[in-house]
Each structure stands twice: as C-alpha cells, then as structure tokens.
Visitor: 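Below you will find the structure I want to go over with you.
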Number of protein chains: 2
Amino acid sequence: MSTSSTRDRLLDTAAQLFAENGFDRTSVRDITTAAEANQAAIHYHFGSKEAVLRAATDRVVGPLNERRHQLLDDLLADEHEPTSDQLLRIFLQADLETLQALQDRGAAARLVGRVYSDPSPAMQAMARDQFGETGARFADALAAALPKLPADEIVWRLEQIVAVIVNLFLRWPHEGVTPTEAAVLLDRLVAFLGPGLSAPPP
Amino acid sequence: MSTSSTRDRLLDTAAQLFAENGFDRTSVRDITTAAEANQAAIHYHFGSKEAVLRAATDRVVGPLNERRHQLLDDLLADEHEPTSDQLLRIFLQADLETLQALQDRGAAARLVGRVYSDPSPAMQAMARDQFGETGARFADALAAALPKLPADEIVWRLEQIVAVIVNLFLRWPHEGVTPTEAAVLLDRLVAFLGPGLSAPPP
DNA sequence: GTCTATAGTATGATAGAC
DNA sequence: GTCTATCATACTATAGAC
C-alpha cells in the first residue's frame with residue numbers, strides 16, 4: 001500500500017512534458033530531471049516510457065468514461081426516450097466536468113488530446129481500448145433517438161463530434177477555467193453541434 | 001530548371017513516412033533508404049529534416065489556399081450577399097477538391113492533418129503562417145452573412161469547423177476516393193455543419 | 001549530384017552498490 | 001526505493017572524395 005510520492009510526481013511531470021512537447025520530443029531524462037527524481041526512477045516505477053504515457057492518460061480517461069456511463073444511466077432512468085439533444089448534452093457534460101476538475105492540471109487534458117488525435121497505430125489502439133465501448137453505447141442511444149437517420153450517418157456524426165471534443169482537450173487552456181466558463185462552453189457546444197446532429201441526412 | 005527526380009521522390013517518401021509514423025518517429029535515414037537515395041541527399045536538397053516537412057505540407061496547403069480564395073472571389077462576384085451555407089460549402093469544397101486531387105498521394109493529406117493538429121509551437125507557427133490570412137477572410141465574410149451572431153461566436157464556430165476538417169485530413173483514406181464519394185462527403189459535411197454555423201447563439 | 005565515413009550528441013534501458 | 005555509471009544503439013548533420 002506504499003504509494004510513493006515520487007511516482008505521482010513523475011506522472012504529473014510526464015503529463016506536463018508530453019502535453020507541451022509531445023511524446024517523442026520528451027525524453028525519460030527530461031521527465032526525471034524536471035521531477036527531481038533519479039534517472040532510473042521511470043523504469044523502476046513504470047517499466048517503460050510508453051507505460052508512463054498510458055498511466056497518465058488512464059488517469060483522465062478512466063474517470064471520464066465512468067462519468068459518461070453514469071450520466072447515461074441516470075438519463076435513461078429518468079426518460080424513457082431521451083432526445084438527441086439530451087444525449088449530446090450529457091455526452092459533452094462528462095467532458096467539461098472532467099476538464100473542469102483538472103483545474104491546474106490542464107496539461108493532462110492536452111495530453112489526452114494528443115493521444116486521441118495521433119493516428120499512429122499505437123495511439124489509435126490506446127484510444128480504441130479506452131473509448132470504443134463508451135462510444136458504441138452512445139451511438140446506440142442516439143440511433144434510438146434519431147430513428148429517421150441511417151445508423152452509419154449517426155456514427156459518422158458522432159465521429160465529427162468527437163473530433164471537436166478532442167480539439168477541445170488539445171487546446172484546453174493553461175489557466176484555470178471557472179465553473180461558469182465551463183457551463184457557457186457547454187451551452188455553446190450544444191448550440192453548435194445539436195442542430196447538425198439531428199439535421200435531416202443530405 | 002533541372003528538377004532532379006530524386007528531390008521529388010524524397011518529398012513523396014517523406015510525406016508518406018511522416019504521415020504514417022509522425023515527424024519524430026521518422027528518421028532522415030528512413031526517408032533516404034525508402035526513396036533509394038543517399039543518406040546525405042536530404043541535406044543536399046533541402047538543408048534539414050524540418051525543411052522537408054515544410055516543403056511537403058506547402059505542396060498541399062499552397063494550392064488549397066489559392067483555391068479557397070478563388071472560390072470566394074467567384075462567389076462574391078456572383079452574389080452580393082452570400083449566405084453562410086454558401087460560404088461554408090465553398091470553404092469545404094476547396095478541401096474536398098484538394099483531397100480528391102491528391103488521389104494515390106493521400107499520405108500528403110494525412111501529413112497536413114498531423115501538422116495542423118499538433119499544438120507544439122513550431123507546428124502551430126507553420127499552421128498560422130499558412131492558414132491565418134485565409135481563415136480571417138472567411139471569418140469576415142461569415143460575419144457579414146450572420147449579422148445576428150457576435151463576431152467571437154463566429155470565430156469560435158469556424159475553429160470547430162476547422163477541427164472537423166483537420167480530422168478529415170488526418171484520417172483521409174489510403175485508397176482512392178472517387179469524385180462521387182467526395183461529392184457525397186461534401187453534402188454530408190454541409191448538412192451536419194451548416195445548421196450549427198447559423199444557429200442562434202446559446 | 002552522389003557516395004562513404006564519421007563527428008558529436010542524445011536516446012531508452014539496465015546493472016549493481018547502497 | 002534511490003543512486004551512479006554505463007551499455008548499446010540511434011540520431012542529425014557535415015566533411016570530403018569522386
């Protein structure tokens with residue numbers, strides 16, 4: 001049960017540097033130096049550089065997925081047939097709550113954005129592992145809410161929405177974002193993405 | 001006027017490898033080996049590894065910007081006050097024409113997507129150099145078409161649209177896309193993004 | 001324009017003392 | 001758990017013969 005504080009410091013520092021400079025431009029030495037830890041600490045605590053990346057993204061995406069599922073469970077308990085706008089709103093709400101909760105650890109958000117936008121096989125695999133199931137569940141719920149839209153159109157539109165969200169993570173500001181600002185951003189996103197999600201197919 | 005075919009081969013190969021594996025995971029040696037050129041050829045023809053990246057993206061983004069300006073000029077000559085849907089359509093049309101024209105050189109498209117989604121200062125600088133002016137011109141035209149929307153809301157929405165386009169480049173398929181498929185995709189994008197662009201502010 | 005050879009540096013990872 | 005020292009390998013870039 002011994003949680004070494006060095007491990008946490010390494011994780012925070014790695015997220016910071018990976019987010020700012022990218023995974024490849026960040027060396028193990030950069031991390032250990034900035035975290036004021038030993039050169040060998042990364043391999044002792046995590047085993048490899050890539051394992052640090054996975055640990056740092058899991059720390060954000062794990063709770064995010066949990067929150068998304070919980071919000072969907074709650075909505076389905078309240079409403080028999082939620083609208084696409086309701087589904088979109090809770091989908092985005094989970095993101096904004098997560099981003100908001102990070103506060104001064106916004107680098108973790110930008111790091112997740114990097115991983116999810118990188119089309120390299122290794123990163124795509126990580127993204128699919130972490131997001132695939134949750135995404136499929138929302139696609140199904142949206143299909144029920146939008147019976148007039150072909151299933152592939154719904155999947156395609158959800159992909160575009162995710163692209164916007166990934167961009168949001170990627171450019172999440174360094175300074176703290178207040179709850180009010182986060183709420184405004186949520187309304188902005190719903191106002192922009194909602195009409196397109198439920199629009200008639202071309 | 002001597003255009004060495006080695007130079008072109010290096011450019012194509014570099015685009016291919018940068019797109020598939022990323023700039024940092026691609027070495028100068030990887031490029032020269034795959035292009036069946038000499039180790040020193042990159043530095044002889046371009047000067048540095050980063051100069052190759054810039055040359056490879058310029059080759060796509062240069063014509064794309066020209067086409068965007070031309071389509072906007074044509075539209076403004078035809079219509080005194082084009083609608084936001086008309087503006088959106090030509091904005092996207094320039095992208096799809098460019099992507100379509102690449103044909104079997106789709107790697108160049110994925111490479112541009114990588115550069116434009118990378119938030120590192122060097123890449124952001126490249127993106128701003130190449131896209132800033134064109135983007136501003138469209139934002140102005142949209143502001144005239146949507147007088148009820150605050151200017152900052154228009155800029156924000158255009159940023160989200162660009163995020164979707166960048167994602168489109170990033171995941172542009174390896175196989176050839178037919179003109180018909182490109183036209184379908186254009187309609188799909190306009191149907192999805194158009195309503196959100198002109199929606200009332202939150 | 002093309003080649004070989006190499007300088008000069010940085011990398012991820014590990015061994016082994018404490 | 002932390003440290004130093006180091007292995008083995010890779011990198012960008014350049015010098016200089018052809």
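Quick caveat, the model's predicted, so the values are computed rather than measured. Per chain, numbering begins at 1; letters A, B, ... match sequence-line order.
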Visitor: Can a side-chain donor-acceptor contact be found between A:S120 and B:R114 if the only test is distance below 3.5 angstrom?
Guide: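 There is such a pair (donor and acceptor under 3.5 Å, judged by atom type) between the side chains of B:R114 and A:S120.
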
Visitor: Which whole-number value in Å describes the distance from A:D24 CG to C:dA10 C1'?
Guide: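 Rounded to whole Å, this separation is 14 Å.
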
Visitor: Measure the distance from CZ on B:F46 to P on D:dT14 and round it to the nearest whole Å.
Guide: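 These atoms are roughly 16 Å apart.
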
Visitor: Nearest whole Å is fine: how far is D:dC7 P from A:Q39 CD?
Guide: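 Between P of D:dC7 and CD of A:Q39: 16 Å.
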
Visitor: Between the base of D:dT12 and the side chain of B:R29, is one N or O donor paired with an acceptor at under 3.5 angstrom?
Guide: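 When only heavy-atom distances are counted, B:R29 does reach the base of D:dT12 through a donor-acceptor pair under 3.5 Å.
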
Visitor: Which nucleotide, D:dT14, D:dT12, C:dT11, lies nearest any side-chain atom of B:A40?
Guide: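 My answer, after comparing the listed nucleotides, is D:dT14.
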
Visitor: Under the salt bridge (Lys or Arg N to Asp or Glu O under 4.0 Å) definition, can you give me all pairs with a residue in residues 43-52 of chain B, not counting sequence neighbours?
Guide: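 Those involving residues 43-52 of chain B do not exist here.
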
Visitor: Which listed nucleotide (D:dG1, D:dT4, D:dC11) is nearest to the side chain of A:Y44?
Guide: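 Nearest to the side-chain atoms of A:Y44, counting from C-beta on, is D:dG1.
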
Visitor: From C-beta outward on B:K49, which listed nucleotide comes closest to its side chain: C:dT4, D:dT12, C:dA13?
Guide: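 Nearest listed nucleotide: D:dT12.
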
Visitor: Give the rounded distance in Å between these two atoms: CG of B:L10 and P of C:dT2.
Guide: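 Interatomic distance, CG of B:L10 to P of C:dT2: 9 Å.
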
Visitor: Assign B:T26 to base, sugar-phosphate, or nothing according to its heavy-atom contacts below 4.0 angstrom with the strands shown.
Guide: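 Contact class for B:T26: sugar-phosphate only.
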
Visitor: Answer yes if the side chains of A:E66 and A:Q70 hold a donor-acceptor pair under 3.5 Å, and no otherwise.
Guide: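 On atom types as modelled, these side chains do not qualify, holding no pair under 3.5 Å.
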
Visitor: In terms of side-chain geometry, is the basic nitrogen of B:D152 or A:R188 positioned less than 4.0 Å from the acidic oxygen of its partner?
Guide: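 Salt bridge flag = yes for A:R188 with B:D152.
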
Visitor: Output the rounded distance in Å from CD1 (A:I42) to C1' (C:dT14).
Guide: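 From A:I42 CD1 to C:dT14 C1': 15 Å.
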
Visitor: Rounded to whole angstroms, how far apart are NE2 on B:H45 and C1' on C:dG1?
Guide: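 Spelled out: NE2 on B:H45 to C1' on C:dG1 is 7 Å.
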
Visitor: Do the side chains of B:R137 and B:E133 get close enough for a salt bridge, i.e. N-O under 4.0 angstrom?
Guide: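 Looking at B:E133 together with B:R137, the answer is no, because their closest N to O distance does not fall below 4.0 Å.
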
Visitor: Side-chain N or O of B:S27 less than 4.0 angstrom from OP1 or OP2 on D:dC11?
Guide: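 For B:S27, the contact criterion (side-chain N or O under 4.0 Å from OP1 or OP2 of D:dC11) is met.
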
Visitor: Rounding to a whole Å, what distance do you find between B:N21:CG and D:dC11:P?
Guide: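 After rounding, the reported distance stands at 12 Å.
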
Visitor: Do any side-chain nitrogens or oxygens of B:T6 fall under 4.0 Å of OP1 or OP2 in C:dG1?
Guide: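 Answer is no, no contact under 4.0 Å.
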
Visitor: Starting from C1' on C:dA10, measure out to CZ on B:R25 and report it in whole angstrom.
Guide: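 Interatomic distance, CZ of B:R25 to C1' of C:dA10: 18 Å.
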
Visitor: Does D:dT14 have OP1 or OP2 sitting under 4.0 Å from an N or O in the side chain of B:H43?
Guide: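 Answer is no, no contact under 4.0 Å.
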
Visitor: Please determine if a side-chain N or O atom of B:N38 lies less than 4.0 Å away from the OP1 or OP2 oxygen of C:dG1.
Guide: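 Indeed not, no polar side-chain atom of B:N38 lies that close.
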
Visitor: When we call it a touch if two heavy atoms are under 4.0 Å apart, what does B:A41 touch: a base, just sugar-phosphate, or nothing?
Guide: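 The answer is nothing, as B:A41 stays clear of every strand by at least 4.0 Å.
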
